[in-house]
Amino acid sequence: MTILRVEGISKSYSGALALDNLSFELQAGEIIAMIGPNGAGKTTCFNILHGQLRADSGQVFVGDACTSRMDTPAILRLGVGRTFQIAATFHSFTVAENVQMALLARRGLLWNLHSQAGDLCRKEADQLLEQLGMLAHAARACSVLSYGDLKRVELAMALAGDPILLLMDEPTAGMAPRERLQLMALVVRLARERKLSVLFTEHDMDIVFAHADRILLLEQGRLICQGTPAMVRADPRAQRAYLGDNRD
Amino acid sequence: MSSFVLQFLNGLTSASTLFMVAAGLSLIFGITRVLNFAHGSMYMLGIYLAYSAIGAFSVGGVLTPVAFWGGILCAAVLVGMVGALVELTVLRRVYRSPELFQLLATFGVVLLTKDLVLWFWGPEDLLGPRAPGLGGAVEILGSPFPEYDLFLIVVGPLILGLLWLLLHSTRWGLLIRAATQDREMAAALGINQKLLFTSTFALGAFLAGLGGALQIPREPAQHFLDFTVIVDAFVVVVVGGMGSIPGAFLAALLIGEVKALCIGIGEIGAFGFGISLPKLTLVVESLVMAAVLIFRPWGLMGRALAVLPDAGEARPLLARNTAATRMAGVAIVAALAITPAFANQYSLVLLVDILIFALFAASLHFLMGPSGMASFGHAAYFGLGAYAAALAFKQAGLPMEISILVGPLVAVLAALSFGWFCVRLSGVYLAMLTLAFAQITWSVIYQWDGFTGGSNGLVGVWPAPWLSGRISYFYLVLLLCGGAVLILRRIIFSPFGYALRACRDSPMRAAAIGINVSRFQWMAFLVAGGFAGLAGALFAFSKGSISPEVLAIGQSVDGLVMVLLGGVQTISGPLVGAAVFTWLQELVARHIDYWRALLGMIIIVIVVAFPHGIVGQLFSRNRAKE
Amino acid sequence: MMLSIRSISAGYGPARVLFDLNLELRAGEISVILGRNGAGKSTTLKTVMAMVPLSGGQIWFSGKRIDQRSTWEIARAGMGYVPEERRIFPDLSVLENLEAGRRLPHGRAPSWSVARIFKLLPALAPLGERRAGTLSGGEQQMLAVARTLMGNPSCLLLDEPSEGLAPAVVELLATLVRTLRGEGMAVLLAEQNVRFALAVSDTAHIIEKGGLRFSGTARQLQERADLRAEYLAL
């Protein structure tokens with residue numbers, strides 16, 4: 001089943017083309033890496049998929065619904081979650097409160113001036129934290145966590161929305177090498193368990209080749225090659241993009 | 001026609017002065033990114049120093065041109081030196097602190113300067129001499145126009161030209177422009193920022209001092225000029241674009257002429273009402289600013305500010321009630337409840353004030369703390385609450401019990417409309433828009449003589465007979481303010497309050513989990529405005545009379561100081577801040593003449609000693625332990 | 001040793017980018033840091049300039065420890081830095097940009113002047129009065145390098161100078177870098193363009209995931225296709 005279908009989206013900023021007629025598909029349960037040099041258009045693509053930006057042309061479908069004109073909350077309700085390149089958590093909250101916030105937002109319980117937020121959705125939050133191995137940290141402030149743990153909290157928040165598709169912008173950036181492998185193994189395990197599709201960008205090629213079912217290679221807003229890791233590795237266009245020889 | 005031309009010239013005159021003050025402010029902001037509230041104080045110092053310097057130079061009481069112009073120049077140079085001193089001793093230490101903390105530091109300087117001026121020159125208005133040789137008037141289209149004003153019209157463009165030369169044909173000016181565009185890169189090229197910052201502050205203060213000193217033949221030196229001038233200067237800088245000198249000139253012309261035009265047009269009739277435009281100059285000025293901010297958020301000639309490296313504001317967790325804090329709360333309320341048994345009338349009056357301002361501070365804190373939006377104009381809601389209650393009681397003849405509820409209701413409506421615009425902006429710009437709305441409100445109340453009593457205010461706003469005793473009114477205030485503070489606290493810990501903190505901590509993440517950030521922020525205005533309005537209504541009935549002071553900028557500043565002093569990071573901090581501030585104001589002011597200076601000193605010491613905030617300091621210590 | 005980076009760790013806030021990184025640069029040497037994007041190349045250069053906070057390790061420059069100094073002091077000590085984004089002052093003219101960078105070296109005659117810059121980079125000469133923000137990408141890159149040279153640095157840090165430039169401009173850049181070496185200046189490049197990098201450098205380093213993976217001569221790396229495949233290619 002196709003979870004995500006991107007049909008020829010383009011986007012330009014003040015004349016410069018950031019995305020040029022990009023099309024691809026993502027099947028249920030598939031884990032796809034989107035790679036490419038800085039400025040290739042990966043973050044722009046994510047922002048469009050998650051409703052923070054509108055494409056100039058082209059369409060995006062999540063399941064059967066066309067999301068090209070939807071805002072973020074509507075896209076979230078369709079089950080598209082997101083994590084950021086620099087982990088964005090609410091740093092004046094505890095770990096558990098961060099996850100509770102995500103759960104409350106997902107269930108539309110935020111317009112409530114009376115209940116004590118700290119008591120709501122606590123059990124569900126703890127369950128999610130347990131799955132991510134973060135239960136022991138539930139009462140700690142996010143501001144004192146290690147970066148790797150912060151990334152896990154962010155992941156828990158994304159999962160709180162019960163997504164069918166997870167967009168992860170450089171999930172392992174800023175982490176120590178060992179933490180990276182652990183985190184990505186965790187993401188893959190959760191994805192398989194929850195039948196979750198994952199689209200992620202990543203600079204660490206060990207991670208990409210170890211975990212992606214398929215790879216999309218972007219350069220200057222264009223998809224220049226895609227396929228299984230072995231296919232992409234063998235593609236001369238991909239090698240050129242990475243070794244910089246295409247410039248001369 | 002001739003009056004029109006004269007008004008136009010008047011507009012040019014005031015534009016010159018406005019430009020001199022605003023150019024300095026803009027220059028300072030452009031390079032240091034500090035919003036310098038003390039800039040108006042530099043203007044005021046300029047007037048006072050010019051008064052004294054001219055007097056000192058007039059040997060044997062004879063005013064010579066040398067004495068006059070020498071005095072003015074000397075005053076401006078002295079103010080420039082004061083500016084450098086302020087930068088070296090205070091601001092240099094807080095460049096890496098959170099924005100609000102820098103603001104607090106400049107507030108400290110404002111308070112200190114104010115009392116220094118009062119101490120040295122006394123509270124009376126001081127009228128300076130006329131300029132020798134420029135004391136007369138020239139005939140323009142049959143009407144007299146002061147020569148000195150014509151001179152001022154020339155000075156403005158002259159200063160603009162000199163500044164332009166300074167910035168474009170000296171190496172120093174080049175480095176200023178480079179650092180304004182990209183401070184970090186300038187440092188990477190080896191440009192010493194300390195020297196640059198100090199000299200910019202000195203120049204900015206010099207310009208403000210000069211602008212003030214040149215006013216000496218036109219207006220008396222008064223000790224409240226600092227606030228009136230800083231508001232005008234902020235408006236000009238925001239309209240022109242932060243950091244843009246030509247923008248400041250353009251905006252000064254625009255604002256100066258808009259004001260003059262209002263006076264020139266005079267009374268107009270519309271929809272059967274007579275609207276007196278001259279009385280509404282401040283409204284029009286603020287409307288211009290609001291319009292510019294909404295359609296050109298970075299001002300006429302400004303551009304989006306480059307994001308500076310994050311100052312790393314430490315925000316601790318909000319502690320939920322423990323048995324101990326709950327006990328302490330109950331104990332304080334119990335202690336307050338039995339106070340009337342042994343307190344005298346005077347203490348009760350003071351306690352009522354403290355309770356009311358505690359609620360005012362708590363409502364402001366709700367915006368600044370959990371919601372992360374600095375409001376420079378919170379007095380608008382307090383004052384509207386007070387006036388609405390008083391007017392409902394006096395003009396509409398409603399009973400006092402109902403009138404007290406009308407206050408917060410009107411404040412909520414105001415917050416709804418002001419907030420809708422404010423949440424479209426952020427940071428300093430948002431704060432400036434709140435200030436603009438507060439000034440609009442103030443001038444409407446101030447100038448609507450027939451309905452609000454104008455500058456005299458309203459009298460005879462007394463509680464109903466069953467509440468008229470000091471003790472019974474104290475209990476009413478304790479009940480309502482105490483209850484309101486508890487409700488605010490409850491809201492902070494509710495899902496709604498959590499959502500506000502989420503929007504503050506990371507708007508990006510909040511949006512990504514489906515929170516409509518600006519709608520929540522809008523509602524935060526509503527809550528904060530409503531509770532400030534309640535405090536205002538209670539205030540009106542506690543005093544029996546109100547004046548436009550309750551919604552003047554001074555009131556907003558008092559609120560800011562209460563919140564920042566107590567600590568914006570905690571819920572109880574603002575309450576303590578309000579109590580200490582009100583107590584200082586009421587009690588200490590009786591024994592120490594210069595309590596504002598004392599407070600200013602305390603603020604400066606705190607800011608310099610704890611550049612990350614008191615609570616922030618404690619927090620980082622805890623963090624180090626962990 | 002001109003520049004000595006001794007087991008530094010650095011990052012942004014809680015995010016760590018460099019882990020225990022060592023790197024050395026001799027006077028008159030051109031050295032390149034290679035690595036995929038996100039490996040920590042830019043962060044290394046920024047950390048040397050104190051634009052990214054250091055959380056461990058030391059940095060020595062011309063026999064003095066500089067890791068506790070502020071950015072402008074490091075620049076005055078003779079460290080030139082050209083950022084990846086170029087960061088020319090867009091509202092200043094080309095000449096004004098050069099003037100902003102001008103700085104006299106301690107105790108020796110300045111080797112750089114506007115006249116010399118224009119001689120070496122003739123493309124800039126007719127643009128003197130143009131607003132820098134209106135220049136093309138290649139012209140901006142030239143200007144950024146020239147502006148830093150006006151400070152008469154003894155060591156130059158160049159962050160991805162060839163990125164997004166036309167081949168002819170890259171060639172010009174290579175010539176310029178070789179000229180600088182001829183005058184005894186040390187240059188540390190961060191690059192992704194392997195061919196350009198190896199063509200101009202004496203020594204090369206590969207970093208990945210914030211740590212050093214290879215250090216040697218450019219020629220050695222030229223011969224090690226295995227290393228290039230492992231750390232630079234896909």
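Computed over heavy atoms, backbone and side chain alike; hydrogens, waters and symmetry mates excluded. Protein chains get the first letters and strands the later ones, always in sequence-line order, with residue 1 at the start of each.
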Would you say [X] has more than 12 foreign heavy atoms packed within less than 6.0 Å of its [atom1]?
X        : atom1 : answer
A:Tyr13  : OH    : yes
A:Glu124 : CD    : yes
B:Met327 : CE    : no
A:Trp111 : CH2   : yes

Interface moiety of A:Asn98 toward chain B, non-hydrogen atoms closer than 4.5 Å:
neither
With only heavy atoms counted, which part of A:His50 is less than 4.5 Å from chain B, the side chain, the backbone, both or neither?
side chain
Given 3.5 Å as the limit, does a donor-acceptor pair link the side chain of B:Asp505 with the main chain of A:Ser92, or not?
yes
Select, from [options], the one with the greatest count of heavy-atom pairs under 4.5 Å involving chain B.
options                              : value
A:Thr89, A:Leu113, A:Thr83           : A:Leu113
A:Glu154, A:Gln116, A:Arg82, A:Gln52 : A:Gln116
A:Asp119, A:Leu109, A:Leu104         : A:Asp119

What closest approach, in Å, do A:Met101 and B:Ala502 show between heavy atoms, and which atom pair accounts for it?
CE-CB, 3.9 Å
Please report the shortest heavy-atom distance between B:Pro495 and A:Ser115, naming the atom on each side.
CD-O, 3.3 Å
What do you reckon, are the aromatic ring centroids of B:Tyr498 and A:Phe90 less than 6.0 Å apart?
no
Quick one: pull up CZ in B:Arg501 and NE2 in A:His91 and give me the separation to the nearest 0.5 Å.
10.0 Å
Give me the contact list for residues 479-492 of chain B versus chain A, heavy atoms only, anything under 4.5 Å, ordered by residue number.
B:Arg490, B:Ile491
Listed by residue number, which members of residues 67-81 of chain A have a heavy atom under 4.5 Å from any heavy atom of chain B?
A:Thr72, A:Pro73, A:Leu76
Less than 3.5 Å apart, which donor and acceptor atoms pair up between the side chains of residues 510-527 of chain B and the rest of the protein, not counting sequence neighbours?
from: B:Asn516; atom 1: OD1; to: B:Arg519; atom 2: N; distance (Å): 3.4
from: B:Trp522; atom 1: NE1; to: B:Leu416; atom 2: O; distance (Å): 2.7

Looking at residues at least two apart in the chain, or sitting in another chain, which of them share a side chain to side chain contact (heavy atoms under 4.5 Å, CB included) with A:Arg180?
A:Thr172, A:Met175, A:Asp204, A:Ile207, C:Lys209
